[in-house]
Amino acid sequence: MEERYDPIAIELAWQKDWATSNKYSVSEQSDKEKYYLLEMFPYPSGRIHMGHVRNYSIGDVVARFKRLQGYNVLHPMGWDAFGMPAENAAIKHGIHPAKWTVENIANMRMQLKRMGFSYAWDREFATCDVEYYKWEQQIFLQMLKKGLAYKKSSTVNWCPECQTVLANEQVEDDGCWRCGTRVEDKELDQWFFKITQYAEELLDDTEKLSGWPDSVLTMQRNWIGRSTGCEVEFPIENSPDKIKVFTTRQDTLYGATFMSLAPEHPQAQALTTPEQREQVEAFIAKVRAQDKKNRTSEDFEKEGVFTGSYCINPLTQTRIPIFLANFVLMDYGTGAVMAVPTHDQRDFDFAKKYALDLVVVIQPKDQVLDPATMTEAWTDSGILVNSGQFDGMDNNAAKDKIADFLVEQKIGAKTVNYRLRDWGVSRQRYWGNPVPVIYCDTCGVVPVPEKDLPVVLPTNVKFTGEGGSPLAQHEEFYKTTCPKCGAAARRETDTFDTFVESSWYFARYACPHFEAGPIDRQAADYWLPVDQYIGGVEHAVMHLLYARFFTKVMRDLGYMNIDEPFTNLLTQGMVCKETQSCPEHGWLYPEDVVDGKCSKCGKPVTIGRTEKMSKSKMNVVDPDHLIAKYGADTARLFSLFAAPPEKDLEWNEQSVDGCYRFLNRVWRAVYDNLSLVADNPVPENSGSGRNLRRTTHRTIKKVTEDIDGRFHFNTAISAVMELVNAVYAFEDKQQYPGAVTEALEAIVKLLAPFVPHITEELWHGMGHTEDLEAVGWPVWDEKALVEDENLIVIQVNGKVRSKITVSATADNATVEATALADETVQRFIADKTVRKVIVIPGKLVNVVVG
RNA sequence: GCCGAAGUGGUGGAAUUGGUAGACACGUCGGUCUCAAAAACCGAUGGCUUCUGGCCGUGCCGGUUCGAUUCCGGCCUUCGGCACCA
């Protein structure tokens, strides 16, 4: 009697089994080769969403596949638990962030377990555990010693909504990456990590990351933004001082006819003559009043003011006026730019506006530039003119020569500039890792001695949402004594950016219970680096760059011995769904739409664009509902089958239904043929049995190759679907029970990484007592793949005209003769001359006629 | 503007090294079973057509080739990143 497929009961039973046997726990004491698979850990927002389901389903396929292949697989899970939503919940609903976080974690842990993901749950931790963040404080103290962490006053990105500072990487479209509120400038004393010290290595090592998508590497390279050029000193007229500029266009130095300084430039005041003082002050005041983000947008009007002073072009000895200009940025290069209006569009516009001199120093090959008639700058290559000894050279070739000349003449040096800024990590928030330093009136900034760690985040704190960080109002916390002199002192009340925690969590998974330091070298040396990392592309710069930086820092501090944290990276696409809206009620959840109408008012619903699932657009599907309706295996299968992992996945309920039907079809295929399987027959190697065997082994090969390295899960699944269809279509089941059994067992084994519950159930249902993991991944038999006959496509002049079947052992001449004799082919070549026949063995014949 | 990715049926997608374009699935249509329905199973499904056949067809134009979704040149569109960076 056939059993019915009851996903919920099956899944709960197997999940219980895995939990009680601690099945996916691993240790480094193993003779197997290690494989560390990691998915980006979630923020405990309260509930998992479809993006998590997709991310973790992809990861679980790889983890289970590698385990079946015999690897010692580390597949951990944890919680990126510090951060603002917890604090906001405290302010809004009066729940303590710690309580809120712990409850959310408990719920999400349950949801993940319900999905059947094969995590090493014994390694789970949350970044808000003092056992985790205390080690981060220790790492910070080491960084402080090495000068890799420092404090400085600077203009920072301030989110007025979140009441805190944002790193440059956390500003998107001038808004806060979390809440979208427009970011303001604010002058604050801040802790920084010296990521710029690693700029060169971070850039160079992108070359080593062959397992990363090009798009992510390009984004990181752009973000680091290396440019090579020269620093050149321009003497100031009637002064011993000089102005230093950075340029990548030293080939145009002979054409520099004025100088532009940032309004904030330290020399600006000294250069201003009494006659110009009033105008300059007015200009600086105007620029100050302007928003920094506005100022750096391209369509912003370029304005400047003459300081009244002149400097000397060091190559031409010409006297050139010094301007302040609103487009010159103090925090890039030297804050001063030599202006070459003929060969830079910005400088051209500026020169036209203020009637400044133009000197052409590059002549293009096919036209003659005349400063009097030029309407725009010539920014392409050409031949140098008006450039002294360099006249006649190609401008690109001259770059090196002029750089050498500047060095020789001691007026310049070759330099490299990076766009990358140091990482500001101070946050004026409560729910984060406290920065372990103390401020003493006599001793200054004093690091908390290591023996006094951890600086524990206090729990008895009031959340009002006003007056900045609750820590700064918590006397018991900030009142302390100086570790050096013992005098009364104040503890730092800023906490770390939560991206600090996520920069090294991957390493702590190697040794989550280690008590002598952040990292157990032995465990880390065994497990690290992460072999495969999987997560959303939205972390392409922020998290992935910070984690790379931290890896290098921790290596240099002796904590671990790797250069790069993640050998391979898979960035999965977003989960999208069409939006639906009612003219009266606005956005609608899918469950509020009945037969295309709003369930509240009955008005017809407008279908909007397909966008990333988000609560604000209400185009979300709750994984819990999906699991309750179809089970976890269907949810997993759909998210893997509907699209390749790196592409966006469009939600389609009907397609989910199709996946559920397929699992039912697999279930029946096994139970309908259970009597054939019972005796465990040997696969037959003759007749149609041999054909089924060939399909089986071909499928094993295809699925293996699709999963391994390629991550083409959708085609792997479709290949298994074809095998299932082949079993249904196989007419001689009774004659060939061995071939049928082999096919069914292959189906179950091949599907195991995708849908672990139903496959384990079917495997045991087929009479096996050991688990699928003990059986291992199937291996194809090359001999079973061999074809007796080949289907040969016959083309005439490249168009398919016929198909023939020939023996696999037939030689080219035989194949050619058979093809030419074909009736349909004859019709096409009868009245023409055969000029050439191309034979691709086993595949195709192309007859060229004319 | 610069850099990166993509563009294939009604839909999601496949074609791994240049060799049958549209695998697999969804949807639709037809059939079997049923009093009926659901489920299941079987079949059809790129467009056009003078239909035992033929023509067109992978964003557009051109090239290389016996043969191009795949390679080359030039465009168009969409998405993503960077951008007054000297």
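Bear in mind that the values here come from a model prediction, so they are computed numbers and not experimental data. By convention in this document, chain letters (A, B, ...) are assigned in the order of the sequence lines, proteins followed by strands, and residues within each chain are numbered from 1.
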Is the phosphate of [N], meaning OP1 or OP2, less than 4.0 Å from a side-chain N or O of [X]?
X	N	result
A/R827	B/G54	yes
A/K836	B/C66	yes
A/K799	B/C56	yes
A/R668	B/C41	yes
A/T248	B/C85	no
A/N714	B/A14	yes
A/N725	B/A25	yes
A/R661	B/G27	yes

### Query
Cation over ring, A/R665 on A/Y728, under 6.0 Å and within 45°?
yes

Nearest whole Å is fine: how far is [N] [atom2] from [X] [atom1]?
X	N	atom1	atom2	answer
A/D331	B/A86	CG	C1'	13 Å
A/Y728	B/C24	OH	P	16 Å
A/Q795	B/G19	CD	P	11 Å
A/D648	B/U11	CG	P	18 Å
A/E650	B/G27	CD	P	15 Å
A/L640	B/A14	CG	P	14 Å
A/I717	B/G12	CD1	C1'	13 Å
A/L261	B/C84	CG	C1'	16 Å

Ring-plane angle category for [X] and [Y], please: parallel below 30°, perpendicular beyond 60°, tilted otherwise.
X	Y	result
A/F258	A/F323	perpendicular
A/H539	A/H543	perpendicular
A/F246	A/Y332	perpendicular

Taking only the side-chain heavy atoms of [X] (C-beta and beyond), determine which of [options] contains the nearest atom.
X	options	value
A/T218	B/G13, B/G4, B/C85	B/G4
A/M219	B/C66, B/A15, B/G81	B/G81
A/R346	B/A86, B/A5, B/U20	B/A86
A/V337	B/A86, B/U20, B/C26	B/A86
A/A642	B/U16, B/G54, B/G12	B/G12
A/K302	B/C84, B/A5, B/A25	B/C84
A/P644	B/G13, B/C84, B/A5	B/G13
A/R801	B/C24, B/C3, B/G54	B/G54
A/I838	B/C66, B/U20, B/A86	B/C66
A/M721	B/C24, B/A21, B/G4	B/C24

Is any NZ, NE, NH1 or NH2 atom of the basic residue among [X] and [Y] found under 4.0 Å from an Asp or Glu carboxylate oxygen of the other?
X	Y	value
A/E782	A/K701	no
A/R801	A/E823	no
A/D344	A/R346	yes

>> Check this for me: does the side-chain of A/N846 come within 3.5 Å of the base of B/C66 through a donor and an acceptor?
In response: yes

Q | Derivation and outcome, side chain to side chain contact (heavy atoms under 4.5 Å, CB included), residues A/I534 and A/M40 | A | CA-CA 6 Å; A/I534 306 173; A/M40 291 180 186; over 6 Å; no

What distance, rounded to whole Å, do you find between the two [atom1] atoms, one in [N] and one in [M]?
N	M	atom1	result
B/C48	B/G10	P	10 Å
B/G4	B/G74	P	14 Å
B/A23	B/G46	C1'	15 Å
B/U45	B/A25	P	15 Å

In Watson-Crick or G-U wobble terms, both distances under 3.5 Å, what is the partner of [N]?
N	answer
B/U52	none
B/U77	B/A6
B/G30	B/C42
B/C82	B/G1
B/C66	B/G19
B/A37	none
B/C24	B/G12
B/G57	none

Of A/S718 and A/E705, the one whose nearest nucleotide on RNA chain B sits closer to the 5' end is A/E705

Judged by nearest nucleotide, the residue sitting upstream toward the 5' end of RNA chain B, A/K647 or A/R665, is A/K647

Practice problem: I would like to know whether A/K352 and A/D349 meet side chain to side chain contact (heavy atoms under 4.5 Å, CB included); could you show each step before the answer? | Solution: CA-CA 5 Å; A/K352 284 288 169 196; A/D349 296 340; 5.9 Å; no

Judged by whether its glycosidic angle lies within 90° of 0, B/G80 is anti

Would you classify [X] as touching base, sugar-phosphate or nothing, given that sugar-phosphate means primed atoms plus P, OP1 and OP2, and contacts are heavy atoms under 4.0 Å?
X	answer
A/K702	base
A/P213	nothing
A/L649	nothing
A/Y418	nothing
A/G225	nothing

